[in-house]
Amino acid sequence: VQLQASGGGLVQAGGSLRLSCAASGRALSSSATGWFRQAPGKEREFVAVCNWSGGYTYYADSVEGRFTIARDNARNTVTLQMNSLKPEDTALYYCAAGDYPDPRSATYHYWGQGTQVTVSS
């Protein structure tokens, strides 16, 4: 399966962005899908994950209440709605697909190329 993340950009603090993860070669509906991010000089960190149906979601404490992960299995996509963005949210955002909705990046088999999110203060 190939994953394509898109929707990143430059936004002011307090603004919103909507990231999208599109899959080809395999239905995303058969996988848990997660979002991770990596800022320059930092480790990659977990952001959010949903299970195959979207009925289960889990968020990092740092984004809980501001970000929402959702899936559209008919379009084979998973989105990450990001509201009330902060400068510390600036990072390269990746989507990934795996067997279980797990916050550990090592459990994911497929990764997208990343989309840059920059939040200015």
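Values reported hereafter were calculated over all heavy atoms of this structure, with side chains retained and with hydrogens, waters and symmetry mates removed.
Taking 4.5 Å as the limit, some side-chain heavy atom of W35 sits within range of a side-chain heavy atom of I69. In this structure, the side chains of T77 and R71 stay at 4.5 Å or more apart for every pair of heavy atoms. C50 places none of its side-chain heavy atoms less than 4.5 Å from the side chain of Y56. For the pair R104/V49, no side-chain contact is recorded, criterion being any heavy-atom separation below 4.5 Å from C-beta on. Taking 4.5 Å as the limit, some side-chain heavy atom of L19 sits within range of a side-chain heavy atom of M82. A 4.5 Å side-chain heavy-atom check between T90 and V117 finds every atom pair outside the cut-off. The closest side-chain heavy-atom distance from Q81 to S16 is below 4.5 Å.
The ring-ring contact (aromatic ring centres under 6.0 Å, His included) contacts involving residues 88-113 comprise F36-Y108, F36-W111, where partners must be two or more places apart or lie in separate chains.
The 12-atom threshold is exceeded at CD of E45, counting heavy atoms of other residues, nucleotides or ligands nearer than 6.0 Å.
Hydrophobic clustering (side-chain heavy atoms under 4.5 Å, transitive across Ile, Leu, Val, Met, Phe, Trp, Tyr) keeps V11 apart from L92.
Side-chain atoms of T115 come within 3.5 Å of backbone N or O of G8 as a donor-acceptor pair. The backbone N or O of N73 lies less than 3.5 Å from no partner atom in the side chain of N76, so there is not a single donor-acceptor pair. The closest donor-acceptor contact from the side chain of R66 to the backbone of S62 lies under 3.5 Å. Judged by distance alone, the side chain of N51 and the main-chain N or O of G55 form a donor-acceptor pair under 3.5 Å.
The two residues A91 and A39 come nearest to each other via the heavy atoms CB-N, 3.8 Å. The shortest heavy-atom contact between A32 and P101 is CB-N, 3.4 Å.
Rounded to the nearest 0.5 angstrom, L85 CG and F67 CZ are separated by 5.0 Å. The structure places CG of L3 at 7.5 Å from OG1 of T33, a figure rounded to the nearest 0.5 Å. Atoms NZ and OG, from K86 and S121 in turn, are 14.0 Å apart once rounded to the nearest 0.5 Å. With values rounded to the nearest 0.5 angstrom, L80 atom CG is found 9.5 Å from R37 atom CZ.
Aromatic ring centroids of F46 and Y59 lie 6.0 Å or more apart.
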